[in-house]
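Since the structure comes first, as structure tokens, the remarks are kept for the end.
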Amino acid sequence: MEEKGSDVNLASHLLLDAFQENFEAAAVLSNDSDLVEPIRIATQILKKPVGLLSPVPNATAGLRGVSSFVRHIRESDLRAAQFPDEIALHGGSVLSRPTLWA
């Protein structure tokens, strides 16, 4: 699968929300080192707590260094937080999760 600008979008919205005081604390689920600088700005300059939810046991050192806290998120945690594979709607139609989604 191919991503297009998701890290830039996440960074932009994190900083916009931090500048606008739209959160008390934020959490970022990533291990992408491109997010070090926006997280650093939010935590060190804007003084907003931003935690890192890492999909890998040993998160990138740069991300660990600028985040207010770090927690490892296991695949089982992500699966437990998802909707069921199918959701029945009123009227009888069914929404199904795409087969490529985890």
Side-chain angles (χ1 to χ4, degrees):
M1 296 192 321
E2 189 174 323
E3 293 183 38
K4 292 289 183 190
S6 58
D7 55 344
V8 173
N9 290 334
L10 176 62
S12 299
H13 284 280
L14 174 67
L15 290 174
L16 178 63
D17 285 345
F19 276 113
Q20 292 180 337
E21 300 282 331
N22 287 338
F23 65 84
E24 292 180 26
V28 174
L29 174 59
S30 181
N31 194 42
D32 188 337
S33 61
D34 289 345
L35 297 171
V36 169
E37 186 62 4
I39 293 173
R40 184 195 69 77
I41 291 168
T43 58
Q44 296 177 9
I45 295 173
L46 300 174
K47 306 300 183 196
K48 299 297 264 181
V50 178
L52 176 67
L53 305 178
S54 175
V56 296
N58 190 17
T60 302
L63 288 171
R64 286 194 320 264
V66 297
S67 298
S68 304
F69 62 88
V70 179
R71 301 289 185 274
H72 173 231
I73 299 295
R74 295 177 304 272
E75 186 174 339
S76 61
D77 297 323
L78 294 175
R79 287 189 187 282
Q82 293 181 0
F83 286 117
D85 290 341
E86 292 186 343
I87 299 174
L89 301 176
H90 295 290
S93 59
V94 175
L95 291 177
S96 297
R97 179 192 338 232
T99 56
L100 294 178
W101 288 11

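Here the structure is a predicted model, which means the values were calculated and not measured.
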In this structure, CG of N31 is separated from CZ of R64 (nearest 0.5 Å) by 9.0 Å

Can you measure from CD1 (I73) to OG (S30) and round to the nearest 0.5 angstrom?
12.5 Å

Suppose we screen for salt bridge (charged side-chain N to carboxylate O under 4.0 Å, His left out). Which residues come up paired with D34, at least two apart in sequence or across chains?
none

For V66, does its backbone N or O pair with a side-chain atom of T43 as donor and acceptor, under 3.5 Å?
yes

Identify the two heavy atoms, one from V70 and one from A59, that lie closest to each other, and give their separation to 0.1 Å.
CG1-CB, 4.4 Å

Looking at CZ of R40 and CG of L35, how far apart are the two atoms once the value is rounded to the nearest 0.5 Å?
13.5 Å

Determine the minimum heavy-atom distance between L53 and F69, stating which atoms define it.
CD2-CE1, 4.4 Å

Could you tell me the separation between the CG atom of L78 and the CD atom of E75, rounded to the nearest 0.5 Å?
7.5 Å

Show me the side-chain donor-acceptor pairs of residues 85-94 shorter than 3.5 Å, one per line, residues at least two apart or across chains.
| from | atom 1 | to | atom 2 | distance (Å) |
| --- | --- | --- | --- | --- |
| D85 | OD1 | R97 | NE | 2.9 |
| D85 | OD1 | R97 | NH2 | 2.5 |

Taking atom CZ as the centre, does F19 end up with more than 12 heavy-atom neighbours from other residues, nucleotides or ligands that are less than 6.0 angstrom away?
no

Should L10 and I39 be counted in the same cluster of Ile, Leu, Val, Met, Phe, Trp and Tyr side chains packed under 4.5 Å apart?
yes

Rounded to the nearest 0.5 Å, what separates atom CG in D32 from atom CG in D7?
5.0 Å

Is L29 linked to F23 within one hydrophobic cluster, defined over Ile, Leu, Val, Met, Phe, Trp and Tyr using a side-chain heavy-atom separation of less than 4.5 Å?
no

Shortest non-hydrogen separation from A42 to L15 and the atoms involved
N-CD2, 4.1 Å

Check for me, please, whether V36 and V50 land in the same ILVMFWY cluster - side-chain distances under 4.5 Å, paths through other members count.
yes

One should read off an interatomic distance between N22 CG and K48 NZ, to the nearest 0.5 angstrom, of 8.5 Å

